[in-house]
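Note sheet for the following structure.
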Amino acid sequence: MPKITPPPHIDKILSRLEARGFEAWCVGGCVRDALLCREPSDWDIATAALPQETKACFPGLKLIETGIAHGTVTLITEQGPVEVTTYRVDGKYENHRRPAGVSFSRDINDDLSRRDFTVNAMAFHPGRGLLDPFGGQEDLQGHILRCVGSPSRRFDEDALRILRGVRFSAALGFRLEPDTFSAALENTGLIGTLSGERIQAELTKLILSPMAQAALERYEPIMLAALPELPYIPKLLDAPLCAIPRWAALLRDCPPDTAQKLLSRLRFSNRETAQILRLIRQLPLTPADESLSKRLYRAGLSASELAVSGGDLIGLGYSPGPHIGMALELLLQSVIYGELPNQRDILMDHARKIM
Ligand code: ATP
Ligand code: MG
């Protein structure tokens, strides 16, 4: 296991909290990135201290309290801002949106349980080492994105996690584990319940990631559910790595009024919308040969070569009709994308799950 060495100012914050009797850990993305030998973008701290208790531990230090209702106190250190967040248990999810209320906890395991993927649900403390209750390390080694707990429930609670899954796949080159992938597909309909701002922020991170193209293509059905205005996923590769040109490349084959409506739905400002529309006009149309059906065809696979047939699905209890075609299409995609082997027993098992 690679050695995790938090920077000295993070060590200091951990020690200060612990010296006052409050357990504290580095959590989430920084632990994941450190284990992958990547430079973490920021070091987040989770603690048993309530926000007021955290504040009292750092007299004289400048603080930002905007996140305090959700348990976050931002410490302004000489090395930059550091978020210290009280352990949380999320409250009931309403309308597939964020919890109506958060409750605080004194148990780090509660806090790790509410996190989205196993690789994001680890904690590290320089003295106590790694805390990994959901097998995050193993999934890191396998390059796997697996939900903490039941994937269907976690995506139903917050559909943004579906897009985060594709985003982490684009950032890290990881794949969604089969149950997580099928739950993501089943719940794509919930993406429409998310606010335009949240979708925009997540998709911007996604299309700016180094492996965006591969993730967009691999998870095309998810992307087309998030952006139903798109005729298909185009090539982004020649667009420079900044947000406005990347969005223009993504929307290049949308008719201008469709693109404009999409940008307004995702809450882009008038200025950004104008910039993106102007860039789209400068890009040539891409040939429409990258659609899913064409790629299936080129992959040399069609539904007839799948190890299960429509008849098999009826045998499982599927009612005859369009459901069968949809299920066969999902199975076919999973096989083509390497999520599942083309083996009858495994596909039947999967068909039973998505029924
Ligand atoms: P990055 O390096 O891109 O910032 P990150 O893992 O730090 O990646 P953030 O969006 O900053 O991602 O979130 C921090 C942590 O909070 C995540 O690692 C995850 O544990 C948790 N988290 C964030 N959003 C959600 C969510 N919608 N559902 C569950 N857990 C989440
Ligand atoms: Mg982060």
Residues two or more places apart in sequence or in another chain: which of them pass side chain to side chain donor-acceptor pair (under 3.5 Å) with [X]?
X: Glu138; result: none
X: Thr47; result: none
X: Glu177; result: Thr180
X: Trp43; result: none

Contacts satisfying ring-ring contact (aromatic ring centres under 6.0 Å, His included) that involve residues 244-275 (not counting sequence neighbours) are Trp247-Phe268

Hey, is Arg20 close enough to Glu53 for a salt bridge, meaning N to O under 4.0 Å?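 So Arg20 does not pair with Glu53 through a salt bridge.
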
side-chain contact (heavy atoms from CB on, under 4.5 Å) involving [X] - partner list, sequence neighbours excluded:
X: Asp349; value: Arg352, Lys353
X: Pro228; value: Arg265
X: His9; value: Pro7, Thr77, Gln79, Val82
X: Pro178; value: Leu340

**Report entry** From CA spacing to verdict: side-chain contact (heavy atoms from CB on, under 4.5 Å), Asp158, Arg198
**Finding:** CA-CA 11 Å; Asp158 181 3; Arg198 289 184 92 202; 3.2 Å; yes

Contacts of His143 meeting ring pair (Phe, Tyr, Trp, His ring centres under 6.0 Å) (sequence neighbours excluded), chain-then-number -> Phe174

In Val119, Asp139, Asp116, Asn120, the residue satisfying side chain to side chain contact (heavy atoms under 4.5 Å, CB included) with Leu145 is Val119

For Ile64, the hydrophobic cluster (side chain heavy atoms closer than 4.5 Å, chained through members) also holds Ile76

| query | Which residues, ordered by chain and number, are linked to Leu112 in its hydrophobic cluster, where ILVMFWY side chains connect at heavy-atom gaps below 4.5 Å, directly or through other members? | reply |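 Listed partners: Trp25, Val27, Tyr87, Ile108, Leu131, Phe134, Val148.
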
- Query: Do the side chains of Thr258 and Leu262 get nearer than 4.5 Å, heavy atoms only?
  - Reply: no

Would you indicate whether the side-chain heavy atoms of Pro126 and Leu14 approach each other to under 4.5 Å? yes

Original post:
Given the rule in the side-chain contact (heavy atoms from CB on, under 4.5 Å) test, do Leu236 and Leu216 qualify, once you have shown the distances and angles that lead to the verdict?
Top reply: CA-CA 10 Å; Leu236 301 179; Leu216 289 174; 3.3 Å; yes

